[in-house]
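A, B, ... follow the sequence lines: proteins, then strands. Residue 1 opens every chain.
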Amino acid sequence: MSLKIYNTLTRDKSEFTPIEEGKVRMYVCGPTVYDHAHVGHAMSALVFDVVRRYLEYSGYSVKYVMNFTDIDDKIIDRAIRLGVEPITLAEQYIEEFKDNLKNLNILPATEYPRATEEIEAIIDMVSKLVAKGAAYEVDGDVYFRVETDKDYGKLSGRKLEEMNAGSRIRVDARKENPMDFAVWKAAKPGEPAWDSPWGLGRPGWHIECSAMNLSHLGEQIDIHGGGNDLIFPHHENEIAQTEAVTGKPFARYWMHNGMLQLKGEKMSKSLGNLIPINEFLEDHSGDVMRLIVISSHYRSPLTFNSDVIEANERALERLLTAKRPAMPSSEGASQSVLDELEAQIQTTRQGFNEAMDEDFNTAGALGTIFDLVRMINQARSEGATDEELAPAQETFNELTGVLGLELAEKEKGTTEADAFIELLLDLRQELRAQKNYALSDRIRDDLVNLGVVIEDTPQGSTWHWE
RNA sequence: GGCGACGUAGCCAAGUUGGUAAGGCAAGGGUCUGCAAAACCCCGAUCACGGGUUCGAGUCCCGUCGUCGCCUCCA
């Protein structure tokens, strides 16, 4: 078995082999922090969190870098409007985003570099580009000279000539070629600026990622990820810059997630259809968001609407049932049931790995986990004991863990309320025996309102937190 | 206009190198229950449309229609 990854650069799925055996260097483009992050950002972060988790599960040691663009036009504009320092504004959204990641159970990156903390590396890189003739300075701006890159357009599948024709770009007469892009921008009065060989200025957007990759991961990396809206021009330009400086192929695998779709359209600022992560998490758990994401393939557009949210809310409940203990006074399931359970464990493990190895087919992997859930529940209803359920439940916990699902049920035995709940259950049992259903139902209903769900079985009643 | 992706049951969605369609949600029937809830069992598609290649195609090729993304900041 071996992992295969779809590579945007080669447009095919191929076996994953890292540069250095057992190690993976991975870089994912983080957000530009000028506003609250929305669920589209969450999707991307979740997709690559699962990639990272599966790589680690497969035995790789992963160095995972996610950047923050904390200086750009939009941040400056907004800061001016709010009357605060751009850096302060950026800082605030960075903290909020990290908080979002935590609430989504996304593993922290190994490093979170920021553009403003990499100025030296950026200037160094721009200098090298200029020295090599791959970039040129005009009035304090520095532009990348796309015509020096014979391969320019290889990631997005465009050709320079085609881009020039029909171009909707405002042509800046100072540029040698309309497609030349800024790697360094001269500062306008009042803007944050750093001293450089070309005067006061700040980095262009694309160069930061190139520089951070270079300084944090090296000249060549294994996986570069991001949303597919970044393919052009951002990633195309990253490749051009980095390869112009190093003379070596940059990233081995370019991975791009599809866009989250809201009412058939991409969620984006310009459409004004944003749902901030904060807002989503007010009403739903992080697991629900994650389940929505892993229910379909990461490269496909993600259908996101209230029906989907509701369906996944229910699917999550179903997953949780697998963790429930045996029925009261279970005496053990038949050998044939136990054999089937054992067989399902193996089938699920194999199916899970095969699906994930096939370019992170999380939906397929999830399907086989649901098969295990059904078998666990079946065994339980056939009288399996906790000991008999344990191996299957451990497998369940392990695999859902690889997908990053928390499935945190409020544990019994952890609150002081437990004893009182048991007491009420005993009381209710007596009332039922006396056929005093009015009162016994009232206990049940009132407990439900407190978040305690009662389940009656032929062998007695059990309860769990909602 | 250029580049790319997609169109599978009511909804979401998987489908490796082509051999007769995972899973989830919803709906319906049943078991259990005093009732309920949960769980368990049963139940649904020939894969946008039209051609072609093949012994055989959702899965490859061509065309049509439709949806979406990128080409400008964007996960």
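- Within the structure, every side-chain polar atom (N or O) of A/N228 is placed at least 4.0 Å from both OP1 and OP2 of B/G4.
- A/E96 and A/N278 are linked by a side-chain donor-acceptor pair at a separation below 3.5 angstrom, with hydrogens and angles left out of the test.
- No salt bridge links A/K154 with A/E236; every basic N to acidic carboxylate O contact stays at or beyond 4.0 Å.
- Contact check, A/Q378 against B/C41: a side-chain N or O comes under 4.0 Å of OP1 or OP2.
- The side-chain contact (heavy atoms from CB on, under 4.5 Å) with A/H224 is formed by just one residue from the set A/L155, A/N213, A/V28; it is A/N213.
- Nucleic acid contact class of A/L230 (heavy atoms, under 4.0 Å, all strands): sugar-phosphate only.
- Residue A/G30 is classed as a sugar-phosphate contact, given heavy-atom separations below 4.0 Å to backbone atoms only.
- Place A/R11 and A/F48 on RNA chain B by their nearest nucleotides, and A/R11 ends up nearer the 5' end.
- Taking the centre and axis of the six-membered ring of A/F370, the NZ or CZ atom of A/R318 falls outside the cone set by 45° and 6.0 Å.
- The pair A/R290-A/E406 fails the salt-bridge criterion, with no side-chain N (NZ, NE, NH1 or NH2) lying under 4.0 Å from an Asp/Glu carboxylate O.
- Across residues 289-299 of chain A, A/S295, A/S296, A/H297 each have a non-hydrogen atom less than 4.0 Å from an atom of RNA chain B (numbered order).
- For A/R444 and B/A37, a side-chain-to-base donor-acceptor distance below 3.5 Å is absent, hydrogens and geometry of angles not being considered.
- The A/R428 side chain lies nearest to B/C35 when the options are B/A38, B/C35, B/A13.
- Salt bridge present: A/D371 and A/R374 bring a charged side-chain N and a carboxylate O closer than 4.0 Å.
- With RNA chain B read from its 5' end, the first of the two nearest nucleotides for A/S300 and A/R380 is the one closest to A/S300.
- Between A/N177 and A/Y143, the side chains place no donor N or O within less than 3.5 Å of an acceptor N or O (distance only, hydrogens not considered).
- Of the residues A/E342, A/E398, A/E354, A/E394, the one that meets the salt bridge (charged side-chain N to carboxylate O under 4.0 Å, His left out) test with A/R349 is A/E398.
- Applying salt bridge (charged side-chain N to carboxylate O under 4.0 Å, His left out) to A/D359 and the options A/K4, A/K13, A/R299 leaves one that passes, A/R299.
- Residue-level contact check: A/E455 touches the bases, meaning some heavy atom is under 4.0 Å from a base atom.
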Below 3.5 Å between N/O atoms, which protein atoms pair up with nucleotides 24-28 of chain B? Just atom names and distances, please.
| from | atom 1 | to | atom 2 | distance (Å) |
| --- | --- | --- | --- | --- |
| B/A26 | OP1 | A/R314 | NH1 | 2.2 |
| B/A26 | OP1 | A/R314 | NH2 | 3.3 |

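- Residues A/D73 and A/R78 are not paired through a salt bridge, judged by the lack of any N-O separation under 4.0 Å between the basic side chain and the carboxylate.
- Within 4.0 Å (heavy atoms only), A/N257 reaches at least one base atom of the nucleic acid.
- Checked by distance alone, A/D229 brings no side-chain donor or acceptor within 3.5 Å of a matching partner on the base of B/C73.
- Using a 4.0 Å heavy-atom criterion, one finds that A/Q261 contacts the sugar-phosphate atoms exclusively.
- Contact annotation for A/T368: no contact, since no heavy-atom pair falls under 4.0 Å across all strands.
- The side chain of A/M43 sits closest to B/A75 out of B/C35, B/A75, B/A39.
- Residue contacts for A/G226: at a heavy-atom cut-off of 4.0 Å it reaches the sugar-phosphate backbone alone, with no base atom in range.
- The phosphate of B/A13 has OP1 or OP2 within less than 4.0 Å of a side-chain N or O from A/T303.
- Across all strands shown, B/C40 forms a Watson-Crick or G-U wobble pair, both distances under 3.5 Å, with B/G30.
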